[in-house]
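Per chain, numbering begins at 1; letters A, B, ... match sequence-line order.
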2 protein chains.
Amino acid sequence: MRHRCLSGEAATAGTASKKRDAQRSKRAILDAALSEFAERGHAGARIDAIAERAGVSKPMLYNYFGDKDELYTAALREAYVQIRAGERELDLAGKAPEAAMRDLVAFTMEHFRSKPWFISMLNTENLLGGQTVRKIKDVGEIQSHLITMLTRILNRGVSQRVFRPGIDPVDLYIMIAALCYFPISNAHTLRAVFRCPVDEPWLNRHREHAVEMVLRYLAP
Amino acid sequence: MRHRCLSGEAATAGTASKKRDAQRSKRAILDAALSEFAERGHAGARIDAIAERAGVSKPMLYNYFGDKDELYTAALREAYVQIRAGERELDLAGKAPEAAMRDLVAFTMEHFRSKPWFISMLNTENLLGGQTVRKIKDVGEIQSHLITMLTRILNRGVSQRVFRPGIDPVDLYIMIAALCYFPISNAHTLRAVFRCPVDEPWLNRHREHAVEMVLRYLAP
DNA sequence: CACCTATGTTACTAATTGGTAAGTTAGGAA
DNA sequence: TTCCTAACTTACCAATTAGTAACATAGGTG
């Protein structure tokens, strides 16, 4: 008989795996939902599959989350929460403007590459017309940290005369995101149409092109 | 009593609308399928909805196309065919390299904007892992015209010393496509997260940024 | 202990949906 | 005219799937 000690609290820890634990069940359902919705889209996702992935019965799922749409909403929100958490690990404060900008582009690309469910969820949500993201009230704050950092880099770059003035940080971020998003989001069609191997070396090359494009765009 | 004369052949033309016409039915089904799959994705698309949109009964649809997957394949293929047809109208031959590059970016953006079903189909296909696009054998030829034109512009630009050498046309096209694709594909989430009005003036501004970014990237 | 609620399951239903069998009709060919 | 085939429809089925009712039990509280 084996014990699996995952995410137990101080007092009740250790005996975890098969005990009743609402928190753990909720987390498992949310994680499973994020995976399933990201892999198959909103209409393609199966409630039974989510329950099975979570190791939980269907009525539990309906108990904690209301129905498929509410679960989808929670999963989309979770995607943003996890992305925000990842972005907090990026620190560009001490770096020279050009190096900081390079790191930002590289980080964004690696972020998208290592968390493909984020791009999937965004595509799914845009297919649905953005009806759900509009309901997530604090979604605007989510990338504010990134924009703040980007603004600081731009300002420092301008005062050091390595960047030209008049660049809007949001516009710039959208262009950076575009360059990082597209080759990952469209990896399969790019492979088929242009015979690109969209693998790590190829993406690294593309990243360097993106960095160069951004730096040239910012040069005075 | 009114006549609707659409797509009739020389001999049988004129009496079109309600006569039996396999060609017309096939076309109607294909158009309806492209719309439905683009709007709702593969799993979200409904065969009944496609039949109704086409003004045709379901068994007709199964008669001409085999099943849902084959119809989806035909719709994806049709998306590429229509995009290719649109691209043939672009002619950059006589223009100065920089003007030609500007026109190419503007055209690409307008192309994506005016045919949103193309972006939808690409996103849907990438969600499915590209399993279908791989089966469309001549998909590689589809954008070859564009790449050929781009190569010529680059060469002219290099020999006129307005572009630097060593730029790979496919890499460049992917970056142009990225800059044009992203704000349209992700319009709804951009509106929600960054409060961008992704409307015509905003897209025009973004297009100018993209043009400038590309031209600066190409400058010697 | 006895109780009670939160946690959990089995087994089901109603509706949707991809797909089809069987039949109907238009219109050209003989 | 009389066939005969391709074009087309109605009416259905089997499987899937979101959602639920009814039941079971762990484990803290009085």
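The shortest side-chain heavy-atom distance between Leu104(A) and Met149(A) does not fall under the 4.5 Å cut-off. Put simply, the side chain of Tyr80(B) reaches to within 4.5 Å of the side chain of Val133(B), judged on heavy atoms. Using a 4.5 Å heavy-atom cutoff, the side chains of Phe112(A) and Leu203(A) are not in contact. Residues Gln82(B) and Lys115(B) fail the side-chain proximity criterion, which asks for heavy atoms closer than 4.5 Å.
Rounded to an integer number of Å, the gap from Asp48(B) CG to dT20(C) P is 14 Å. Taking atom CD1 of Ile47(A) as the reference point, atom C1' of dT16(D) lies 14 Å away to the nearest angstrom. Atom pair Arg40(B):CZ and dT17(C):P shows a separation of 10 Å (rounding to whole Å applied). In this structure, Lys26(A) places its NZ atom 15 Å from C1' of dG8(C), rounding to the nearest Å. Rounded to a whole Å, the CZ atom of Arg46(A) is 11 Å from the C1' atom of dT17(C). Residue Tyr72(A) contributes atom OH, which lies 18 Å from atom C1' of dA18(D) at whole-angstrom precision. Separating the CD atom of Gln23(A) from the P atom of dA6(C) is a distance of 14 Å, rounded to the nearest angstrom. Atom CD of Glu70(B) is separated from atom P of dG18(C) by 15 Å (rounded to the nearest Å).
Of the residues in residues 60-68 of chain B, those placing a heavy atom less than 4.0 Å from an atom of DNA chain C are Tyr62(B), Asp67(B), Lys68(B), in numerical order.
Of all heavy-atom pairs between Ala177(A) and Phe182(B), the closest is CB-CZ, 3.8 Å. Of all heavy-atom pairs spanning Val170(A) and Cys196(B), the tightest one is CG1-SG, 4.2 Å.
Taking every side-chain heavy atom of Pro59(B) into account, dT20(C) is the closest of dT10(C), dC8(D), dT20(C). Taking every side-chain heavy atom of Ser57(A) into account, dT9(C) is the closest of dT17(C), dC8(D), dT9(C). The side chain of Lys58(B) sits closest to dG18(C) out of dG18(C), dA7(D), dT17(D).
Regarding contacts with the backbone of dG8(C), a side-chain N or O of Ser25(A) is found under 4.0 angstrom from either OP1 or OP2.
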Please list every donor-acceptor pair under 3.5 Å in which a side-chain atom of residues 32-41 of chain B meets a protein atom from a residue at least two apart or in another chain.
unit_1	atom_1	unit_2	atom_2	d
Ser35(B)	OG	Asp31(B)	O	3.2
Glu36(B)	OE1	Arg53(B)	NE	3.4
Glu36(B)	OE2	Arg40(B)	NE	3.4
Glu36(B)	OE2	Arg46(B)	N	3.0
Glu39(B)	OE1	Arg53(B)	NH2	2.7
Glu39(B)	OE2	Arg53(B)	NH2	3.3

Which letter, B, S or -, goes with each nucleotide of nucleotides 25-30 of chain C from 5' to 3', with contact meaning a protein heavy atom under 4.0 Å?
BSS---
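Using bins of under 30°, 30° to 60° and over 60° for the plane-to-plane angle, the ring pair His206(B)/Trp202(B) lands in the parallel bin.
Within 4.0 Å (heavy atoms only), Ala49(A) reaches no atom of the nucleic acid at all.
Separating the CD atom in Glu78(A) from the CZ atom in Arg27(A) is a distance of 4.5 Å, to the nearest 0.5 Å.
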